[in-house]
2 protein chains.
Amino acid sequence: MRDRRSGYGECPNEEGCPVEYTLDVIGGKWKGVLLYHMIEGPIRFNEFRRICPTITQRMLTLQLRELEEDGIVNREVYPQVPPKVEYSLSEFGSTLVPIILEMKTWGEKHKKLSSIAAR
Amino acid sequence: MRDRRSGYGECPNEEGCPVEYTLDVIGGKWKGVLLYHMIEGPIRFNEFRRICPTITQRMLTLQLRELEEDGIVNREVYPQVPPKVEYSLSEFGSTLVPIILEMKTWGEKHKKLSSIAAR
DNA sequence: TTCAATAGTATACAAATTGATACTAGATCA
DNA sequence: TGATCTAGTATCAATTTGTATACTATTGAA
């Protein structure tokens, strides 16, 4: 549902489900996690890779590009060698922080509980 | 990342990202939307279909089954013909409501703005 | 001089997720 | 008698996501 013109936007059945709209923006497989790690401040490409070692370079690139296209993250390139590129939440992206923090809170609470239950 | 034993759970790099954990539970393509429509109370299979006409029967079944497996929704079958099956948030599922409501709030606000911007 | 580091791109392929369509049973309605 | 309703299955196709590997340019360090 990436293409907003053929997906959500065209469906005229009602005025559109707000949750569906939100998921259209942050519903990518890794987007929530990436946004989470940007809350603290700008972060570099390879820092992401170290923090989430299970995401591949390709996926990281793709998800960051989509977030950039949607105006959620800013990408700043420093003309250095070796290259330095920093990703950070845009002003618009910052409006998503409450959602991400609710996810963090829930995860912290129930991750703990499920690891206890697993004993 | 459905299989918690091979996905999130096995990765021992740190104690695990809470947002990743949360997305492991509600990250399915339609789960957020389905949970949202259950907030108001129990809802039947075909009611979901009418409310979200773009979800296929198959996907609806699959996503509801996963939510059920994870203890997030209750499925109640009424022995009638034609059949009646109601889905509702479990007590555990209700702990996710704050996340869903944040998504709703955000969607309502920015859906409006983007439809204005589109003129 | 060769190696490491950075932030990627390119390519090929495998696996997982999602979608489209047709089909089912049994009661009720016309 | 045949159509309609419900809550699904079954099967196959298409899309998305993931894996693996090789490659780029430039600087600085060993």
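Just so it is clear: chains get the letters A, B, ... in the order the sequence lines come, proteins before strands, and each one is counted from 1. In this text the structure is predicted, and so the values were computed from the model without any measurement.
Taking 4.0 angstrom as the limit, B/Arg75 places a side-chain polar atom (N or O) nearer than this to OP1 or OP2 of D/dG8. Under 4.0 angstrom from either OP1 or OP2 of D/dA7 there lies at least one side-chain N or O belonging to B/Arg44. For D/dG18, one of the phosphate oxygens OP1 or OP2 lies less than 4.0 angstrom from a side-chain nitrogen or oxygen of A/Lys29. Residue B/Gln63 places at least one side-chain N or O under 4.0 Å from the OP1 or OP2 atom of C/dT18. Between A/Arg65 and C/dG8 there is a side-chain N or O to OP1 or OP2 distance below 4.0 Å.
Taking atom CG of A/Leu34 as the reference point, atom P of C/dA7 lies 15 Å away to the nearest angstrom. Between B/Leu60 atom CG and C/dG19 atom P the separation is 12 Å, expressed in whole Å. Distance, A/Gln57 CD to D/dA22 C1': 11 Å, rounded to whole Å. Regarding A/Leu62, its CG atom lies at a distance of 9 Å from the P atom of C/dT9, rounded to whole Å. Between the CD1 atom of A/Ile55 and the C1' atom of D/dT16 there is a distance of 14 Å, given to the nearest Å. Between the CZ atom of B/Phe45 and the C1' atom of D/dA7 there is a distance of 6 Å, given to the nearest Å. Rounded to whole Å, atom P of D/dT9 lies 11 Å from atom CG of B/Leu64. Across the protein-nucleic acid pair, A/Glu20 atom CD and C/dT18 atom C1' stand 15 Å apart, rounded to whole Å.
For the pair B/Val73 and B/Arg75, the minimum side-chain heavy-atom distance is 4.5 Å or more. When side chains are defined from C-beta on, B/Leu62 counts as touching B/Met59, because their heavy atoms get closer than 4.5 Å.
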Side-chain donor-acceptor distances from residues 90-97 of chain A under 3.5 Å, at least two apart:
residue : atom : partner  : partner atom : Å
A/Ser90 : OG   : A/Gly71  : O            : 2.6
A/Ser90 : OG   : A/Ile72  : O            : 3.0
A/Ser90 : OG   : A/Phe92  : N            : 3.3
A/Ser90 : OG   : A/Gly93  : N            : 2.9
A/Ser94 : OG   : A/Ser90  : O            : 2.9
A/Thr95 : OG1  : A/Phe92  : O            : 2.5
A/Thr95 : OG1  : B/Trp106 : NE1          : 2.9

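The two residues B/Tyr36 and A/Pro18 make their nearest non-hydrogen contact at OH-CG, 3.9 Å. Of all heavy-atom pairs spanning B/Met103 and A/Thr22, the tightest one is O-OG1, 2.7 Å. In this structure, B/Cys17 and A/Val33 approach most closely via the heavy-atom pair SG-CG1, 4.3 Å.
A/Arg58 comes within 4.0 angstrom of a nucleotide base, judged by non-hydrogen atoms across all strands.
In the set D/dT9, D/dG18, C/dA7, the nucleotide with an atom closest to the side chain of A/Met59 is D/dG18. Distances were taken from every side-chain heavy atom of B/Trp30 (C-beta onward) to each of D/dA22, C/dT6, C/dG19; the shortest belongs to C/dG19.
Each of A/Gly27 and B/Asn46 was assigned the nucleotide of DNA chain D with the nearest heavy atom; the assignment lying further toward the 5' end belongs to B/Asn46.
Scanning residues 76-88 of chain A for heavy-atom distances under 4.0 Å to DNA chain D yields A/Val81.
Note: A/Phe48 and A/His37 have perpendicular aromatic rings, judged against thresholds of 30 and 60 degrees for the angle between ring planes.
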